[in-house]
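Each chain gets a letter, A, B and so on, in the order its sequence line appears, and its residues count up from 1.
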Protein chains: 2
Amino acid sequence: MSTTQMLKGILDGCILAIIKNKEVYGYELTEKLESYGFHSFSEGTIYPLLMRMQKEELVTSTLKKSTAGPRRKYYSLTKKGEEELNKFKLQWDHLQTNVNRVLSNEVEEN
Amino acid sequence: MSTTQMLKGILDGCILAIIKNKEVYGYELTEKLESYGFHSFSEGTIYPLLMRMQKEELVTSTLKKSTAGPRRKYYSLTKKGEEELNKFKLQWDHLQTNVNRVLSNEVEEN
DNA sequence: TTCTATACCTTGCAATACAAGGTATTTTCT
DNA sequence: AGAAAATACCTTGTATTGCAAGGTATAGAA
């Protein structure tokens, strides 16, 4: 099993969290994710993902001049994006709890 | 983002962990996962997954009579399956660490 | 001018969770 | 005995998403 599969759906939430903290552009994200411990991501992953999130109105983008190279497309969170991030946090929390419960072989308590 | 996507690749590890603890049959798994807090899984998810894991020699299966209904196909872990489970635990640990780091906006320490 | 780094995007593929539908066995109910 | 219900397995087709590979364009440096 590759880490690739384990990231499905989780990367979305991580990127929302990063954008919330500070607006970023796509190219920057591929590097930024590394600073959080992830192996570096393909641009073929990042750009389509950002465009999808914009289509879903979770983020907005504005072009700004770069110091070196073409203009950067900076992304920031919409209100809907913040709500989505909060939803993700809850889901991630449940997932963590459940997986850890399975791995340590404990049954759910109520 | 649905939980469905967040499970990709993670379900494998969970099922390996459950099988290691005690041999189980497919139909039973769909119920067992609920007791760990997961919403119940489709059989269309479980059966292909078990067959794939058998093909990869992570598990073996034996048919046993049921008290009610057709014979059950019980799965148990191979040595390779145990190794895979250990790998999964490490990967899951890293994933947890990294995602939580992003969500709390901490940079990796070295 | 040419090279390099920056920055964006597209296409096609692989992996996997799931809905929907199908088959067979065993017990229970009428 | 026949019908119904629960148990148990499997298959097909679809949607989602991460990624490799390849493409385009801008700006500064050599």
Side-chain angles (χ1 to χ4, degrees), chain A residues 1-16 23-34 38-56 58-59 61-75 84 88 91 95 98-99, chain B residues 1-16 23-34 38-56 58-59 61-75 84 88 91 95 98-99:
Chain A
M1 176 60 47
S2 63
T3 350
T4 270
Q5 289 299 322
M6 291 178 49
L7 282 164
K8 299 230 179 203
I10 290 175
L11 190 51
D12 275 53
C14 291
I15 288 183
L16 286 175
E23 64 171 15
V24 290
Y25 56 99
Y27 193 79
E28 189 184 9
L29 261 179
T30 63
E31 296 162 343
K32 203 142 196 163
L33 282 161
E34 255 177 300
F38 291 103
H39 68 84
S40 96
F41 281 93
S42 163
E43 297 179 33
T45 301
I46 300 298
Y47 289 114
L49 191 156
L50 286 170
M51 287 186 289
R52 174 165 48 85
M53 294 204 303
Q54 181 159 34
K55 198 175 172 189
E56 288 169 4
L58 304 177
V59 296
S61 65
T62 52
L63 289 171
K64 294 188 187 178
K65 277 182 195 155
S66 164
T67 49
R71 286 180 301 172
R72 297 166 175 166
K73 194 184 265 183
Y74 281 89
Y75 289 90
E84 190 65 19
F88 169 76
Q91 288 178 343
L95 182 66
N98 293 341
V99 172
Chain B
M1 179 56 48
S2 63
T3 350
T4 269
Q5 290 298 325
M6 293 178 48
L7 281 166
K8 296 223 180 208
I10 291 175
L11 189 52
D12 276 54
C14 291
I15 288 183
L16 285 176
E23 64 170 16
V24 290
Y25 56 99
Y27 192 80
E28 188 184 10
L29 261 179
T30 62
E31 295 163 342
K32 202 142 198 164
L33 281 160
E34 256 178 300
F38 292 103
H39 68 84
S40 93
F41 282 93
S42 163
E43 297 178 35
T45 301
I46 299 299
Y47 289 114
L49 191 156
L50 286 170
M51 287 186 288
R52 174 165 46 85
M53 295 204 302
Q54 182 159 34
K55 198 174 171 188
E56 289 168 5
L58 304 176
V59 296
S61 65
T62 51
L63 289 170
K64 295 188 187 177
K65 276 180 195 158
S66 165
T67 49
R71 287 179 300 169
R72 297 165 175 167
K73 195 184 266 184
Y74 280 89
Y75 289 90
E84 190 65 18
F88 169 76
Q91 289 179 343
L95 183 66
N98 292 342
V99 172

>> Quick check for you: to the nearest 0.5 Å, what is the distance between A/K8 atom NZ and B/M6 atom CE?
In response: 14.5 Å

> Starting at CD1 of A/I10 and ending at C1' of D/dG18, how long is that distance when rounded to a whole Å?
Replying inline: 12 Å

>> Rounded to whole Å, how long is the line connecting atom CZ of A/F38 with atom P of D/dG18?
In response: 11 Å

> Does B/Y25 have a side-chain nitrogen or oxygen under 4.0 Å from the phosphate oxygens OP1 or OP2 of D/dA8?
Replying inline: yes

>> Between C1' on D/dC9 and CG on B/L63, what's the gap in Å once rounded to a whole number?
In response: 10 Å

>> Using 0.5 Å steps for rounding, measure from the OH atom of A/Y47 to the OH atom of A/Y25.
In response: 9.0 Å

>> Check the phosphate of C/dC9 against A/K73, side-chain N and O only, distance under 4.0 Å to OP1 or OP2. Yes or no?
In response: yes

> Are any non-hydrogen side-chain atoms of B/T45 and B/T30 less than 4.5 angstrom apart?
Replying inline: no

> When every nucleotide of nucleotides 19-30 of chain D is labelled 5' to 3' by its protein contacts under 4.0 Å (heavy atoms), B for base, S for sugar-phosphate only, - for none, what sequence of letters results?
Replying inline: BBB---BBSS--

>> Can you measure B/D12 atom CG to C/dA15 atom C1' for me and round it to whole angstrom units?
In response: 10 Å

>> Output the rounded distance in Å from CD1 (A/I15) to C1' (D/dT17).
In response: 12 Å

> Does any non-hydrogen side-chain atom of B/F41 lie less than 4.5 Å from one of B/L11?
Replying inline: yes

> Considering only D/dT7, D/dC10, C/dA17, which nucleotide approaches the side chain of B/Y75 most closely?
Replying inline: D/dC10

> For the pair made of OH in B/Y27 and P in D/dT7, what is the distance, rounded to whole Å?
Replying inline: 5 Å

>> I need the A/L33 CG to A/L7 CG distance, nearest 0.5 Å.
In response: 9.5 Å

>> So, OP1 or OP2 of C/dC9: does either fall under 4.0 Å of a side-chain N or O from A/Y47?
In response: no

> Out of C/dA17, D/dC9, C/dT6, which nucleotide sits closest to the side chain of B/K8?
Replying inline: C/dA17

>> What is the separation between atom NZ on A/K55 and atom P on C/dC9, rounded to the nearest whole Å?
In response: 14 Å

> How would you list, by chain and number, every residue that makes a salt bridge (charged side-chain N to carboxylate O under 4.0 Å, His left out) with A/E23, sequence neighbours excluded?
Replying inline: A/K64

> Do A/V24 and A/I15 touch side chain to side chain, with heavy atoms closer than 4.5 Å?
Replying inline: no

>> Rounding to an integer number of Å, can you tell me how far A/E28 CD sits from C/dT6 P?
In response: 12 Å

